[in-house]
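What follows is a structure written as structure tokens; I'll ask about it next.
Letters go in sequence order (proteins before strands), and every chain restarts at 1. Quick note: numbers below take in every heavy atom, side chains included, and nothing from hydrogens, waters or symmetry partners. The structure displayed is predicted, hence computed values, not measured ones.
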2 protein chains.
Amino acid sequence: MTGLRERKKQRTRDSLVRAAHELFVEKGYEETTVDEIVAAVDVSQRTFFRYFASKEEVALSLQALVSERYVEALSRRPPGGAPVQVLRSTLEETWESIGEAIEEVVPLPLYMRMWQITESTPALAAAQLRHAVELEERLTAEIARREGLDPGTDSRPRVLVAAFSGVMRAAFRHWSLRGDLTVSAAQQAVESYVEQLGPALSDDWGGASSG
Amino acid sequence: MTGLRERKKQRTRDSLVRAAHELFVEKGYEETTVDEIVAAVDVSQRTFFRYFASKEEVALSLQALVSERYVEALSRRPPGGAPVQVLRSTLEETWESIGEAIEEVVPLPLYMRMWQITESTPALAAAQLRHAVELEERLTAEIARREGLDPGTDSRPRVLVAAFSGVMRAAFRHWSLRGDLTVSAAQQAVESYVEQLGPALSDDWGGASSG
DNA sequence: TTGTCAATTGTCAGCGGCTGTCATTAGTGT
DNA sequence: ACACTAATGACAGCCGCTGACAATTGACAA
């Protein structure tokens with residue numbers, strides 16, 4: 001296993017993430033000072049900025065973990081199947097393991113209340129979106145690889161991922177701001193949105209609701 | 001017409017936007033300080049922050065103008081037509097008038113080089129994305145209104161706009177980072193991406209390229 | 001024209017995020 | 001036990017941004 005030094009670093013990092021999340025949820029992101037976070041963990045401010053490039057980065061560190069897991073799961077999937085469906089089923093597959101990974105750092109309910117704060121804090125929402133774009137790049141590359149396409153000449157992977165991600169973000173946003181904060185509610189929101197991707201793009205919206 | 005006071009304010013604001021754009025393009029966004037911008041226009045730093053809530057806001061002030069025009073154009077469009085097509089044709093319709101509006105503040109080539117900087121500067125890219133989300137909200141509301149739907153119960157407008165916006169952003173990004181910086185090249189990039197929205201979501205990608 | 005009022009601007013002080021630098025502390029391998 | 005290196009702390013300082021108050025400047029009526 002790893003040495004004491006490494007373990008200690010991991011513990012410090014996790015403590016910072018946890019303390020930050022607790023403070024953010026308790027008193028809001030902007031109202032929380034880096035000094036307060038480091039006071040809670042009893043390290044210097046300088047140490048904080050050695051672990052995280054910015055205050056935003058702590059707030060989004062768990063989202064980064066989630067993205068990481070999703071990309072890994074996608075790249076491990078066997079070839080075959082329509083690209084849209086692969087994106088969908090990879091998602092269905094990973095909910096649980098991702099939840100477990102998060103709980104190793106902070107309790108799941110805390111993470112979910114943090115989602116709300118992220119969505120409603122402009123600076124955080126912006127940073128999150130930027131990360132989402134980086135994620136899109138990786139997903140695009142992965143889809144292209146699976147289909148044996150060159151993303152430079154064939155833009156279908158990029159377009160698909162852009163559309164899919166856009167819809168996913170809308171679903172998460174809807175969930176975090178108006179749904180109940182459970183995993184299954186999030187799952188449901190995402191699924192119902194993705195299912196409407198096709199109908200929404202069709203030329204005939206008819207009269208019937210699809211909400 | 002308006003009084004001298006108002007005209008003076010407008011001039012100050014435009015000068016700040018223009019000086020900022022020139023400096024950003026010349027030496028980069030992060031490398032430019034607000035003090036340098038205000039020095040170029042000869043106003044106090046405090047005045048700058050009375051016109052713009054943040055340094056980011058000057059950098060994105062022209063994008064805000066563009067969004068404004070697009071929403072207006074959309075809301076002025078007569079009813080009828082498939083929602084996707086309405087979004088597309090509104091775009092085609094507005095290229096020119098938007099270009100003219102921009103040129104009243106800064107030369108078009110300067111604006112376009114600024115696009116590049118925006119895309120390649122993380123902080124700006126993030127802020128731009130946040131504005132894009134706000135724009136999506138307005139477009140969603142507008143589409144729902146046109147179709148006589150309640151966005152609370154029918155999520156098709158939201159899903160459509162999310163997908164459309166995602167693809168548009170991907171197109172602009174592609175253009176600004178790899179295309180030539182002309183209006184027509186931007187138009188072309190957007191059109192070719194949007195055209196592939198349908199095919200990209202289809203279950204059969206076949207073998208033929210569509211790039 | 002002059003005087004009054006309100007809007008705009010400048011000055012100054014100060015907070016909070018973030019970084020460079022250098023001394024200090026604390027694991028690691030011999 | 002001893003050197004070596006990685007991690008931390010302490011300190012100074014830049015920059016974005018804000019509140020408060022005084023000074024300036026356009027608007028409008030007497």
Between atom CZ in B/F48 and atom C1' in C/dT11, what is the gap in whole Å? 18 Å
Phosphate OP1/OP2 of D/dA7 contacted by A/K8 side-chain N/O (<4.0 Å): no
Using only modelled atom types and a 3.5 angstrom limit, is any donor from either the side chain of A/R7 or the base of C/dG27 paired with an acceptor on the other? no
Name the residue closer to the 5' end of DNA chain D, choosing between B/L4 and B/A53 according to the nucleotide with the nearest heavy atom. B/A53
Would you say a side-chain N or O of A/K9 is under 4.0 Å from OP1 or OP2 of D/dA7? yes
Exceeds 12 heavy-atom contacts within 6.0 angstrom, atom CD of B/E31: yes
Atom NZ of A/K55 and atom P of D/dC17 are separated, to the nearest Å, by 14 Å
Using whole Å, what does the distance between atom P of nucleotide C/dG27 and atom CZ of A/R5 come to? 8 Å
Is the shortest side-chain N/O distance from B/Y51 to OP1 or OP2 of C/dT8 below 4.0 Å? no
Length of the CD-C1' vector between A/E57 and C/dT19, whole Å: 15 Å
Ring-plane angle category for B/F24 and B/H21, please: parallel below 30°, perpendicular beyond 60°, tilted otherwise. tilted
For D/dT8, does either OP1 or OP2 sit under 4.0 Å from a side-chain N or O belonging to A/S44? no
Rounded to the nearest angstrom, tell me the gap between atom CD in A/E30 and atom P in C/dC15. 19 Å
A/D42 CG to D/dG9 P, straight-line distance once rounded to whole Å: 8 Å
So, A/R138 and A/E68, do they make that salt bridge, N to O below 4.0 Å? yes
Can you tell me how far P of D/dA6 sits from CD of A/Q10, to the nearest Å? 19 Å
Please determine if a side-chain N or O atom of A/T47 lies less than 4.0 Å away from the OP1 or OP2 oxygen of D/dT8. no
Aromatic ring pairing A/F52/A/F48, orientation class (parallel under 30°, perpendicular over 60°, tilted between): tilted
Selected nucleotide, minimal atom distance to A/R46 side chain, candidates D/dC17, C/dT19, C/dC18: C/dT19
B/E6 vs B/D35, nearer the 5' end of DNA chain D by closest nucleotide: B/D35
Is a salt bridge present between A/E6 and A/K9, judged by a nitrogen-to-oxygen distance below 4.0 Å? no
In whole Å, I'd like the distance from the CD atom of A/E31 to the C1' atom of C/dG17. 15 Å
Which nucleotide in the set C/dA7, D/dC17, D/dT5 lies at the smallest distance from any side-chain heavy atom of B/Q45? D/dC17
Nearest to the A/R50 side chain among D/dC21, D/dT8, C/dG17, which nucleotide is it? D/dT8
Quick note, B/F49 side chain, CB onward, closest among D/dA27, D/dT18, C/dC18 is D/dT18
